[in-house]
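Numbers here are sequence positions counted from 1. Worth knowing before you read on, the calculation uses all heavy atoms, side chains too, and leaves out hydrogens, waters and symmetry mates.
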Amino acid sequence: MKRKTCLIIIVVAAIVCGNIYFSSRSTPMSNLLLANVEALATNFEWEGTIWDTNHRDYNDIWGTSKWTPTLIECTVTYGINAGLVYEISNPGHKVVCTTGSGNCVNGTGCSAG
C-alpha cells in the first residue's frame, strides 16, 4: 500500500512539474516581427493622420526639439451668445507636440472623440 501511494505521489508530481516546465517556455519572436509590433505600438492615428512617435535622429536636436506627438484630453465647447450664453462642453482629444522626435509640427485642435 505504501509503495502504491508513493508511486501515485511521484506520478502526480512529475505531471505537475512537466506542465509547469512546458507552460513556462515561450517561443521568442523574430526581430522583424518584434520591430513591426513596436512600430504599431508607438504610432497612432488621429483625425486621419498617422502620427509617428519613433525616434528619428534627423529631427531630435540634443533632445530639445518638440517633434513628438502626444494625444491628450481636452474639452470641446460649443455654444451661442445671443444675449444669454449657452454652452455645451464635451470631452475631446488633441495632439500636442512634446520634446523628442517624431512628425509633429503644429499638432491639432481639440475635437470630440
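Of all non-hydrogen atoms in W51 and W46, the two that sit nearest each other are NE1-O, 3.6 Å. Looking at every heavy atom in both residues, S111 comes nearest to C74 through N-SG, 4.4 Å. The shortest non-hydrogen separation linking C97 to G107 is SG-N, 3.7 Å.
Atom CD1 in I10 sits 11.0 Å away from atom OG1 in T5 (nearest 0.5 Å). Going from atom NZ of K94 over to atom OG1 of T75 covers 9.5 Å, rounded to the nearest 0.5 Å.
For E73, the CD atom counts as loosely surrounded, since its 6.0 Å shell holds 12 or fewer non-hydrogen atoms of other residues, nucleotides or ligands.
Inter-residue side-chain proximity for D52 and I50 is flagged as unmet; no heavy-atom pair is nearer than 4.5 Å.
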